Amino acid sequence: MKTLDVNQVIDNARFTRFHWMVTLLCGLLLVFDGYDLFIYGAVLPVLMKEWSLSPVQAGALGSYALFGMMFGAFIFGPLADRIGRKKGVAISFVLFSISTFMSGFATSPTEFGIFRFIAGLGCGGLMPNAVALINEYAPKRARSTLVALMFSGYSLGGVLCAGLGIYMLPRFGWQSMFFAAALPLVLLPLILWKLPESVGFLLRQGQQAKARQMLSQVAPDVAMGSDVQLLQTEAKGAGVPMLDLFLKGRAMGTFMIWLSFFCCLLMVYALGSWLPKLMATAGYSLGSSLSFLLMLNFGGVVGAIAGGWLGDRFSLPKVVLAFFALGTVAIALLGFNSPMPVLYLLIAIAGATTIGTQILLYANTAQYYPQAIRSTGLGWASGVGRTGAIVGPLLGGWLMASALPLQMNFLVFAVPGLVAALAIGFFILYYRGKQEAPSVSVAAVRPAV
């Protein structure tokens, strides 16, 4: 019987309609995920007034969903290695959609926090599995670009959230923003029908026929009859332990990835949760403050796509390093008095280099780990990063309660960008200096052109 290496077939495949379908479906899911994640920042000024929340209380309430995301990433990343990524994505999607809808019925901060925590479980499970799925099927030469295109849906969700907030909040109240989150559930049958299962999972389950059928859509020009035995060189049994992330020279890379995730998500959620309120406090109207949130996410879309394009042509870690350095400068300058066009430009750059860099970090992480532990690696990196996401709203609440000058708030928000840049810089230098690289070296992280 002939044998065929699945990874080699996928890496060298031509771009087909199948790749577009996977990218669009995962991107669509992340639009809804992004809407759910940025909704709190949009309604925060209204909630603080209606429920008489102090800045510290508001920061803590914003962290409930992020606690859920942390546990969701820890749970659903490894779980998908056992049950399949398609099921993991579907469960996560249903969980956060229903819970976000129920948040609109909350009559107290406690009820609201419980629903937001459950919604966070689903959001935290969706991201790493969607990234792992598209990385598994994307041709090597376009992998970073496809991940970036998919993840631009996350930022588009933030744009959608801010745009709806400008229209709906003054007319229908904050509850309407959460009720709207149930509408995407009508697409669940389409997701279950068209979203492919992981070919690696099918092989681990011994489903050779289904794996051949799936792979024939990826590479229709490759002969895969019943006499062909599909193999995956990195395949291992399901249930990969977290300890594998530190074996075979991967320990330092894992620690640096975790640190950069922590800092990046701290900046994303500090800005996403508090930018409208900070700008409202500085004297801007609610509509103008939400337009800043819209520009932040628009910058995230541009940064994700541009970063993915650059990552496919240059070293992806070097692109991440440059983005972190630029983001540090842009965020630090936000607190200074600038003309409105300059202020919008700085906010767009901040979005491009925080939200956009988060997307690049997922792509870099997915390419760093072998396929067999990819979901586990992404799940743990995302989960550890969620501790930074939790700290972000809390930090913003503490800064607001301290009544510091506006410039100081943004200077504090910029510090994690500098730390993340140093972590990625060390990641690059460490593996460049090693004679024997880990399973995927920094050079291999750069996809072939």
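Quick caveat, the model's predicted, so the values are computed rather than measured. Counting from 1, the numbers follow the sequence of the chain as shown.
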Trainee: Measure the shortest side-chain to side-chain distance between Leu422 and Phe426 over non-hydrogen atoms and say whether it is less than 4.5 angstrom.
Mentor: no
Trainee: Looking at Phe105, Phe96, Phe172, Phe112, which hits ring-ring contact (aromatic ring centres under 6.0 Å, His included) with Phe178?
Mentor: Phe112
Trainee: Please report the closest heavy-atom contact between Thr16 and Gln217, naming both atoms and the distance.
Mentor: OG1-O, 3.5 Å
Trainee: Keeping to residues at least two apart or across chains, list the salt bridge (Lys or Arg N to Asp or Glu O under 4.0 Å) pairs with something in residues 173-185.
Mentor: none
Trainee: Please name the residue in the list Ile331, Thr354, Leu275 that meets the side-chain contact (heavy atoms from CB on, under 4.5 Å) test with Phe413.
Mentor: Ile331
Trainee: Search all heavy atoms of Phe427 against all heavy atoms of Pro317 and return the closest pair with its distance.
Mentor: CE2-CG, 4.1 Å
Trainee: Using the benzene-type ring in the case of Trp, are the ring centres of Phe246 and Trp258 under 6.0 Å apart?
Mentor: yes
Trainee: Let me confirm one number: the CG-CG distance from Asp33 to Leu28, rounded to the nearest 0.5 Å.
Mentor: 11.5 Å
Trainee: A side-chain contact here means heavy atoms from C-beta on lying under 4.5 Å apart; do Ile10 and Leu215 qualify?
Mentor: yes
Trainee: Checking the side chain of Ser97 only, and the main-chain atoms of Val94 only, is there a donor and an acceptor separated by less than 3.5 Å?
Mentor: no
Trainee: Are the charged groups of Lys210 and Glu197 less than 4.0 angstrom apart, N to O?
Mentor: no
Trainee: Are side-chain heavy atoms of Leu343 and Met295 found at a separation under 4.5 Å?
Mentor: no
Trainee: Do other residues, nucleotides or ligands put more than 12 heavy atoms under 6.0 Å from the CZ atom of Phe67?
Mentor: no
Trainee: Does a side-chain heavy-atom distance below 4.5 Å link Phe292 with Leu278?
Mentor: no
Trainee: Do Leu361 and Phe323 come close enough that some side-chain heavy atom pair is under 4.5 Å?
Mentor: no
Trainee: With heavy-atom distances below 4.5 Å as the criterion, would you say the side chains of Leu195 and Cys26 are in contact?
Mentor: yes
Trainee: How close do Leu146 and Pro139 get, counting heavy atoms only, and between which atoms?
Mentor: CD1-CD, 4.1 Å
Trainee: Can you tell me if CZ on Arg17 sees more than 12 non-hydrogen neighbours from other groups inside 6.0 Å?
Mentor: no
Trainee: For Ile91 and Leu79: C-alpha separation, side-chain torsions, deciding distance, then whether side chain to side chain contact (heavy atoms under 4.5 Å, CB included) applies.
Mentor: CA-CA 11 Å; Ile91 293 170; Leu79 181 64; 5.7 Å; no
Trainee: Return the minimal non-hydrogen interatomic distance between Ala381 and Ile257, and the atom names on each side.
Mentor: CB-CG2, 4.0 Å
Trainee: Under a 3.5 Å distance rule, please check whether Gln358 uses its side chain to pair with a backbone N or O of Phe261 as donor and acceptor.
Mentor: no
Trainee: Could you walk me through whether Val218 and Val9 pass side chain to side chain contact (heavy atoms under 4.5 Å, CB included), step by step?
Mentor: CA-CA 8 Å; Val218 179; Val9 172; 5.6 Å; no
Trainee: Ignoring hydrogens and geometry, is there a side-chain-to-backbone donor-acceptor pair from Trp274 to Pro393 under 3.5 Å?
Mentor: yes
Trainee: Between the main-chain N or O of Gly272 and the side-chain N or O of Tyr40, is there a donor-acceptor pair closer than 3.5 Å?
Mentor: no
Trainee: Measuring only between side-chain heavy atoms, which start at C-beta, is Ile355 closer than 4.5 Å to Leu296?
Mentor: yes
Trainee: So does Ser198 get a backbone contact from the side chain of Lys86, meaning a donor-acceptor N/O pair under 3.5 Å?
Mentor: no
Trainee: Using atom types as modelled and distance alone, determine if a side-chain donor or acceptor of Asn129 lies under 3.5 Å from a backbone N or O of Phe76.
Mentor: yes
Trainee: What heavy-atom pair brings Ala421 and Ala325 nearest, and what distance separates the two atoms?
Mentor: CB-N, 4.4 Å
Trainee: More than 12 foreign heavy atoms under 6.0 Å from CZ of Phe298: is that the case here?
Mentor: no
Trainee: Would you mind reporting whether Leu245 and Arg250 have side-chain heavy atoms less than 4.5 Å apart?
Mentor: no
Trainee: Is the backbone of Gln8 close enough, under 3.5 Å, to the side chain of Asn12 for a donor and an acceptor to pair up by distance?
Mentor: yes
Trainee: Leu44 and Ser273: which non-hydrogen atoms are nearest, and at how many Å?
Mentor: CD2-O, 3.2 Å
Trainee: Are more than 12 heavy atoms from other residues, nucleotides or ligands located less than 6.0 Å from atom CD of Gln213?
Mentor: no
Trainee: If we count only N and O atoms by modelled type, under 3.5 Å, do the side chains of Tyr369 and Thr254 hold a donor and an acceptor together?
Mentor: yes
Trainee: I'd like to know whether Leu24 forms a side chain to side chain contact (heavy atoms under 4.5 Å, CB included) with Lys194, so could you lay out the CA-CA distance, the side-chain angles of the two residues, the decisive distance to 0.1 Å, and finally the verdict.
Mentor: CA-CA 11 Å; Leu24 290 174; Lys194 287 293 186 180; over 6 Å; no
Trainee: Could you check Cys263 against Leu418 for side chain to side chain contact (heavy atoms under 4.5 Å, CB included), going step by step and ending with a plain yes or no?
Mentor: CA-CA 9 Å; Cys263 294; Leu418 179 60; over 6 Å; no
Trainee: Step through it carefully: locate the ring centre of Phe101, locate the ring centre of Phe179, and say whether they are under 6.0 Å apart.
Mentor: yes
Trainee: Between Tyr269 (side chain only) and Val391 (backbone N and O only), is there a donor and an acceptor less than 3.5 Å apart?
Mentor: no
